Number of protein chains: 2
Amino acid sequence: MPRHQNRGAAGGRRRASHSMESVLTEAVALLDEAGPSALTFRALAQRLGGGVASIYWYVASKDELLDRATDHVIGGVLADIEAIEPGDDPIDDLRVMSLTLFDAILVRPWLGNYFMRNTDVQGNALRLYDTLGQPTLRLKLTARQRFHAVSAITTVVVGSAVDLGQEPPQEVLEGAVGRDEFLGRFAATWRELDADDFPFVHEIVDEFDGHDDIEQFRAALDLTLAGLRLQADA
Amino acid sequence: MPRHQNRGAAGGRRRASHSMESVLTEAVALLDEAGPSALTFRALAQRLGGGVASIYWYVASKDELLDRATDHVIGGVLADIEAIEPGDDPIDDLRVMSLTLFDAILVRPWLGNYFMRNTDVQGNALRLYDTLGQPTLRLKLTARQRFHAVSAITTVVVGSAVDLGQEPPQEVLEGAVGRDEFLGRFAATWRELDADDFPFVHEIVDEFDGHDDIEQFRAALDLTLAGLRLQADA
DNA sequence: CGGTACGATAGAACACCGTTCGATAGAGAT
DNA sequence: ATCTCTATCGAACGGTGTTCTATCGTACCG
């Protein structure tokens with residue numbers, strides 16, 4: 001395991017010289033460019049201009065690599081969230097923080113799959129969890145209610161993110177097919193279902209067609225927050 | 001692709017004779033016994049007493065296998081949920097249905113990772129989605145609100161399930177370490193954090209330690225449903 | 001200075017995975 | 001008897017995470 005930060009520039013031109021920073025940065029770049037399936041040790045090594053086994057000096061396994069890469073970008077999100085100054089309404093603060101987190105996941109859908117998986121490695125995620133919980137301390141709730149409230153919120157965020165992270169069939173990732181057309185195809189299938197057999201699907205298919213992910217998330221979040229406000233005012 | 005159900009018993013003793021049913025049943029058994037990582041084509045083939053390639057006659061890829069296996073057990077859950085007779089309060093019905101679904105996922109945490117991934121293949125999941133949505137038709141809501149409400153609920157269910165599905169470090173899976181002890185270890189780490197730096201974590205660590213997954217889910221669900229009730233009564 | 005310990009790198013090999021190919025067995029129809 | 005179509009299977013292919021072992025280069029120390 002690495003002890004110090006790598007403090008020097010590269011040596012000669014035969015051997016590569018990495019650093020935790022560069023490993024994570026390139027890993028994130030791979031994830032951003034082509035999704036989780038593109039992040040392999042061989043691809044990462046090539047990008048770093050080194051050998052495969054070298055990566056194992058910084059990271060004990062692929063799981064840890066993913067955890068650390070996730071925490072690496074969560075660090076940035078954490079800074080954004082900590083920069084939010086508390087307002088009058090704690091629940092409003094919760095809302096802004098959650099939306100900030102969700103925005104970050106929207107840009108990097110893979111985040112949802114690894115976020116908060118292992119707080120031992122993901123120090124920033126733990127800190128984010130705490131920051132997200134702090135507004136609840138200003139609400140009239142029991143400790144258990146606070147715990148459940150923040151769990152509920154992260155559940156909504158992660159749950160929505162997982163929906164998103166469902167690597168789209170590679171067609172939209174390559175840009176060959178737009179997301180709207182992708183949704184439209186499903187909508188078309190649904191519309192052909194018998195209206196008596198599937199009354200609800202029939203009712204909402206137009207809403208599903210071309211729906212906005214952020215709006216859907218905000219709706220789910222607001223339901224939870226409305227419930228929470230009710231609880232805090234009781 | 002298979003046309004008919006396999007209608008006969010096995011032939012001689014050299015070649016194995018499968019059926020869609022048996023393939024999915026054994027796949028589910030593997031998933032139940034040792035989690036997703038244990039479901040390999042080789043392991044499945046051995047269990048079926050046949051060759052690896054045979055499975056591809058029933059299923060085009062591993063993703064499809066996972067989708068069909070998931071939908072196979074969702075079929076049972078669907079029956080349970082359809083058996084629920086509507087009560088006076090649609091929101092109560094939503095609650096009972098959601099809890100029924102969550103109970104099923106609690107027993108098979110892997111379900112959460114594949115549920116509703118592809119409604120083309122997962123016919124039962126689509127039907128379940130519709131059934132879950134029907135109570136909202138009795139509420140005074142717009143179509144969009146109904147769509148968002150059911151999305152929110154499935155998000156909470158799936159989000160909670162993903163938390164669960166986080167294959168525990170194999171120690172608790174083997175029964176060597178109890179879940180409580182596993183949680184306790186994390187709690188111990190959290191307790192050592194500075195109380196000023198992590199005020200929220202400090203506040204809720206006792207609640208986290210030994211917490212019940214069902215209770216946590218129910219709390220999140222109830223917040224959402226409370227918000228929904230507010231919306232429907234407005 | 002020369003030697004040595006250690007931080008850091010890397011190539012080759014291993015075991016396993018999903019998937020494909022080509023061959024072939026069996027049963028019914030012609 | 002031949003043909004066709006369903007269903008099966010062993011062997012191989014390319015790719016993966018991971019480990020083994022050997023090495024380079026630098027900092028330290030006698």
Side-chain angles (χ1 to χ4, degrees), chain A residues 1-24 26-27 30-31 34-69 113-114 117 167 169-170, chain B residues 1-24 26-27 30-31 34-69 113-114 117 167 169-170:
Chain A
M1 287 216 254
R3 277 279 172 52
H4 331 81
Q5 304 283 38
N6 201 338
R7 45 202 162 336
R13 73 184 119 94
R14 281 233 105 100
R15 318 190 117 226
S17 169
H18 314 323
S19 73
M20 189 82 251
E21 250 287 319
S22 65
V23 169
L24 296 185
E26 294 306 317
L30 273 169
L31 287 166
S37 64
L39 176 54
T40 68
F41 277 83
R42 285 166 177 85
L44 182 54
Q46 188 165 12
R47 232 186 147 94
L48 290 164
V52 218
S54 305
I55 303 169
Y56 279 88
W57 195 82
Y58 295 94
V59 136
S61 69
K62 181 159 191 190
D63 274 331
E64 193 187 312
L65 175 63
L66 285 167
D67 284 338
R68 296 204 115 99
N113 295 18
Y114 314 114
R117 228 179 21 168
E167 294 207 59
Q170 199 168 16
Chain B
M1 287 217 255
R3 277 280 172 52
H4 331 81
Q5 304 282 40
N6 200 337
R7 46 205 163 335
R13 75 181 117 96
R14 280 235 106 102
R15 318 192 116 227
S17 169
H18 314 323
S19 73
M20 188 82 252
E21 251 286 320
S22 65
V23 169
L24 295 185
E26 294 305 319
L30 273 169
L31 287 166
S37 64
L39 177 54
T40 68
F41 277 82
R42 287 168 175 85
L44 182 56
Q46 188 166 10
R47 232 186 146 96
L48 290 165
V52 218
S54 304
I55 303 169
Y56 280 88
W57 193 83
Y58 295 94
V59 134
S61 68
K62 182 160 189 186
D63 273 332
E64 194 187 313
L65 174 64
L66 257 352
D67 283 339
R68 296 205 116 98
N113 297 14
Y114 313 114
R117 227 177 25 167
E167 294 207 58
Q170 196 165 18

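Order of the sequence lines sets the chain letters (A, B, ...), proteins ahead of strands, with each chain counted from 1. The structure displayed is predicted, hence computed values, not measured ones.
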When the distance from [atom1] of [X] to [atom2] of [N] is rounded to whole Å, what number comes out?
X	N	atom1	atom2	answer
B:F41	C:dC16	CZ	C1'	14 Å
A:K62	D:dG15	NZ	C1'	11 Å
B:R15	D:dT8	CZ	C1'	4 Å
B:L44	C:dC17	CG	P	12 Å
A:Y58	D:dT18	OH	P	18 Å
A:W57	D:dG25	CH2	P	18 Å
B:R42	C:dG18	CZ	C1'	7 Å
A:I55	D:dT19	CD1	C1'	14 Å

Test item: A:L66 and A:L39 side chains (from C-beta on) under 4.5 Å apart, heavy atoms: yes

Sugar-phosphate only, base, or nothing, as touched by B:L39 at under 4.0 Å among non-hydrogen atoms: sugar-phosphate

What are the two closest non-hydrogen atoms of [X] and [Y], and how far apart are they?
X	Y	value
A:V59	A:R68	CG2-CD, 4.1 Å
B:G49	B:A16	O-CB, 3.2 Å
A:Y114	A:D67	O-OD1, 4.1 Å
A:L31	A:A69	CD1-CB, 4.4 Å

Could you tell me whether the phosphate oxygens of [N], OP1 or OP2, come under 4.0 Å of any side-chain nitrogen or oxygen in [X]?
X	N	value
A:Y56	D:dC20	no
A:S54	C:dA8	no
B:H18	D:dC9	yes

Out of C:dT19, C:dG11, C:dT9, whichever nucleotide has its closest atom nearest the side chain of A:A53: C:dG11

Parallel, tilted or perpendicular: ring planes of A:H18 versus A:Y58, cut at 30 and 60 degrees: tilted

Consecutive Watson-Crick or G-U pairs in runs of at least 3, all under 3.5 Å, in which DNA chain C is involved: C:3-29 with D:2-28

